[in-house]
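What you are looking at is a predicted structure, and each value in this text was computed from that prediction instead of being measured. Proteins come first, then strands; the chains are lettered A, B, ... in the order of their sequence lines, and each starts at number 1.
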Number of protein chains: 2
Amino acid sequence: MSSPRRITLKELAAELGVSTASVSNAFNRPDQLSPALRERILGEAKRLGYRGPDAKARSLRTGRSRIIAVVLAESLTYSLNDAVASELLSGIAEVLDAHGHTLLLLSGRQHASQAPGSASIADGFIAYGLLPPTLMVSADLPAQRPLVAVDFSPEGYPAVHIDNEPASHMIARHALRTPPRRPAIVSLRLTAEPCNGRVTQAHTQLPPEQTITRSRLAGFHRALEERGFTPSAVPIWNIEENTFEVCAPVIAEILDLPDEERPDLLLCMSDRIALTALTLAEQRGIRVPEDLRITGFDGIAEGQYRAPRLTTVRQDSVEKGRIAARMILGLEPAEPRLLHTALMIGDSCP
Amino acid sequence: MSSPRRITLKELAAELGVSTASVSNAFNRPDQLSPALRERILGEAKRLGYRGPDAKARSLRTGRSRIIAVVLAESLTYSLNDAVASELLSGIAEVLDAHGHTLLLLSGRQHASQAPGSASIADGFIAYGLLPPTLMVSADLPAQRPLVAVDFSPEGYPAVHIDNEPASHMIARHALRTPPRRPAIVSLRLTAEPCNGRVTQAHTQLPPEQTITRSRLAGFHRALEERGFTPSAVPIWNIEENTFEVCAPVIAEILDLPDEERPDLLLCMSDRIALTALTLAEQRGIRVPEDLRITGFDGIAEGQYRAPRLTTVRQDSVEKGRIAARMILGLEPAEPRLLHTALMIGDSCP
DNA sequence: GAACGACTCTGTATCGATTTAGTTAGCCTT
DNA sequence: AAGGCTAACTAAATCGATACAGAGTCGTTC
């Protein structure tokens, strides 16, 4: 336990009989001293086991830590297992790595309760999908520090988005080309109050915060209307968390409806929902796409590598992450960006 | 750009006419000052927009940052999309969160090149699956700082492991109960030189570093021997990266062999490999398990939610992460731990 | 009524670096 | 030979907090 305490720059300087400035320069600005001295310093440093300037002290002095924090709306546990969030993080990590920065993971939830915010270490923040109320709580994160938002739009900050409404309009339009008898929508976190199941009249007052979900719903509704359906007559089921475990019971409820009530088209707001539907339909001997057509949203890998291949809208979450990271590093102008999506026609809804 | 610079603790103290010590105590040790003063300080802090002590300065002074770094063998981009690594991270994040710590993500690869290590910020390190050579490079990470290893065993550090050899022996034994005509092994990173495909004689000298892979192979071989097979006669294909994209061509090579050479049992070293085999077999009309039996390893969710359900060995990666995190936080003794695994018999190899 | 302890609060050294302004020495110019 | 430059190096202030030792006040206790 009595570790031989790490040697400091000052001690190293004393040992060598040079100033601390020179040692610092040896590590950071080689052009500021003679190669000979630099060599001598680096050599002695290695000999004494000095690992280079301490990051804590350096970041205090310089004001920069080369750390970017990503604040995730959901718990880290959830986010790390969600394909879309993982892809986003991948994109962010890729760019940060390439520019010598590191990634600190914060959860919007955790953070609120967290005693003394270790957040002020970060040079900048990338916030993902925070809801306005959560944002308020954690808004004091970026005390004058740069913040880039992904998948939501806090006022006054640059944001990276996809075109949710046109995208879902596009896929719904495709699905409705073959007119379904009973279309249905399976939505993600649409209601103000948590509700895992059929959305009833009681939930009609949709909260305005859920911008993504609402935009996607709007796209579905527009397409339905264009094809002669009455949007309000199309049933909506709501899913509280985008995981198999939470989706499964709701999907089961839908698939186990009596034949004459069971939908023959599911417009799902995420691939995870659609994949769950695919799995449960298979288990029940419901044929996809003959008896039931299913569309997803996101374009995650899992949906493309399985049979039947999922019909979905691909959004490039990795690229979204890259852009956000480049913005926060100042490598590209931090201004609102809207990424486009692509319809991917698979076998689940040809 | 001329941000009104964040106010400091000292300025706040001056404003209030109290000492900096009191302000610090107001935030950190409420019992050290009267409730009245504390109230006054906190009030004024809020009024002036003071967010609480700066993390950089605090961590320099106290020597603790409440940040734990996870060093991943692979690139972050890969790790974030790998189910096993994600689960591990989930487990780690869960425990760290619960104890007010945050997670810094470092890649073993990135780190080597990274200019000035921002690593010395961390209070401790959890290293995952580093190969000895890589570890050497990054060994100077934990300058006298605690380190817990996961899935490998650097000398002198506590490590969390699973029982790889018994586990793969167990599943191979199960698979061989129904004697296959032509068993084959699909391995992960087994060879010294990168080799994506059939392992030939040239690769016989297996490097000793790949402890996990070697242990799993040993388990397979022991079971094969017990069932009367000559291990050296069982063909091995090697996969360089545990992703669909890298697996697919190798699996295709196997499945496209002429009927009389094609294996009828694949012992795969990961679920990802096994799932790829499942998908490609399906595409080719090869029936699983009738024509081809497949076993995996890991027990990732994706394999359990699809049909046919994967026969595999479940390792609790989340728990592995939790344990590593608790060790690094000193919540449980940092001593070698071996987790047990469970055979999960699915439909891919009944 | 002196001594003691319990509460509050303050002064200041310190954590380990970076960086500005400045000093010295040596060389070149004219 | 004087002035001007540059290169190489240093002294010391500073980043923003924490925590120790001590100072002052006030109520108890013997």
field: Sequence neighbours excluded - salt bridge (Lys or Arg N to Asp or Glu O under 4.0 Å) pairs with any residue from residues 317-332 of chain B
entry: B:Glu94-B:Arg322, B:Asp151-B:Lys320, B:Glu319-B:Arg322, B:Glu319-B:Arg326, B:Arg326-B:Glu332, B:Glu332-B:Arg337
Pairs satisfying salt bridge (Lys or Arg N to Asp or Glu O under 4.0 Å), at least one member in residues 15-32 of chain A, at least two apart: none
- line: Of A:Asp54 and B:Gln32, the one whose nearest nucleotide on DNA chain C sits closer to the 5' end is B:Gln32
Please state how far atom [atom1] in [X] lies from atom [atom2] in [N], giving the value in whole angstrom units.
X: B:Leu37; N: C:dC7; atom1: CG; atom2: C1'; value: 13 Å
X: A:Arg64; N: D:dG16; atom1: CZ; atom2: P; value: 15 Å
X: B:Asp31; N: C:dA6; atom1: CG; atom2: P; value: 15 Å
X: A:Lys10; N: C:dT14; atom1: NZ; atom2: P; value: 8 Å
X: B:Lys56; N: C:dG16; atom1: NZ; atom2: C1'; value: 15 Å
X: A:Leu60; N: D:dA13; atom1: CG; atom2: P; value: 17 Å
X: A:Leu12; N: C:dG16; atom1: CG; atom2: P; value: 14 Å
X: A:Glu39; N: D:dA8; atom1: CD; atom2: P; value: 15 Å

- request: Indicate whether the side chain of B:Ser107 and that of A:Asp97 have a donor and an acceptor atom separated by less than 3.5 Å.
  value: no
task: Remember a base hit wins even if backbone is also touched, and classify B:Leu33 as base, sugar-phosphate or nothing at under 4.0 Å, heavy atoms.
output: sugar-phosphate
statement: Nucleotide by nucleotide, nucleotides 21-26 of chain D touches protein heavy atoms under 4.0 Å in the pattern (B base, S sugar-phosphate only, - none) ------
field: Check: A:Asp82 main-chain N/O paired with A:Ser86 side-chain donor or acceptor under 3.5 Å
entry: yes
Side-chain donor or acceptor of A:Ser59 paired with backbone N/O of A:Ala55 under 3.5 Å: yes
Determine all donor-acceptor pairs shorter than 3.5 Å in which one atom belongs to a side chain in residues 35-46 of chain A; sequence neighbours excluded.
unit_1  : atom_1 : unit_2  : atom_2 : d
A:Arg38 : NH1    : A:Ala26 : O      : 2.3
A:Glu44 : OE1    : A:Arg47 : NE     : 3.2
A:Glu44 : OE2    : A:Arg47 : NH2    : 3.0

Report the residues that fulfil side chain to side chain contact (heavy atoms under 4.5 Å, CB included) with [X], sequence neighbours left out, ordered by chain and then residue number.
X: B:Ser79; result: B:Leu72, B:Glu74, B:Ala85
X: B:Thr243; result: B:Tyr78, B:Glu241, B:Glu245, B:Val246
X: A:Ala69; result: A:Leu104, A:Leu106, A:Ala122, A:Phe125
X: B:Ala21; result: B:Ser19

- prompt: Is any side-chain nitrogen or oxygen of B:Thr8 closer than 4.0 Å to OP1 or OP2 of D:dG16?
  reply: no
query: Taking OP1 and OP2 of D:dA17, is either one under 4.0 Å from a side-chain nitrogen or oxygen of B:Tyr50?
result: yes
- request: Determine to 10° how strongly the helix from C:dG1-D:dC30 to C:dT30-D:dA1 is bent, judged from the axes of its five-pair ends.
  value: 50°
query: Which residues pass the side chain to side chain donor-acceptor pair (under 3.5 Å) test with A:Thr77, sequence neighbours left out?
result: none
field: Contacts of B:Asp316 that satisfy salt bridge (Lys or Arg N to Asp or Glu O under 4.0 Å) - sequence neighbours left out
entry: B:Arg314
What pairs of nitrogen or oxygen atoms, one from the protein and one from nucleotides 18-20 of chain C, lie under 3.5 Å apart?
unit_1 : atom_1 : unit_2  : atom_2 : d
C:dT18 : OP1    : A:Asn28 : ND2    : 2.8
C:dT18 : OP2    : A:Ser24 : OG     : 2.3
C:dT18 : OP2    : A:Asn28 : ND2    : 3.3
C:dT18 : O2     : A:Arg61 : NH1    : 2.6

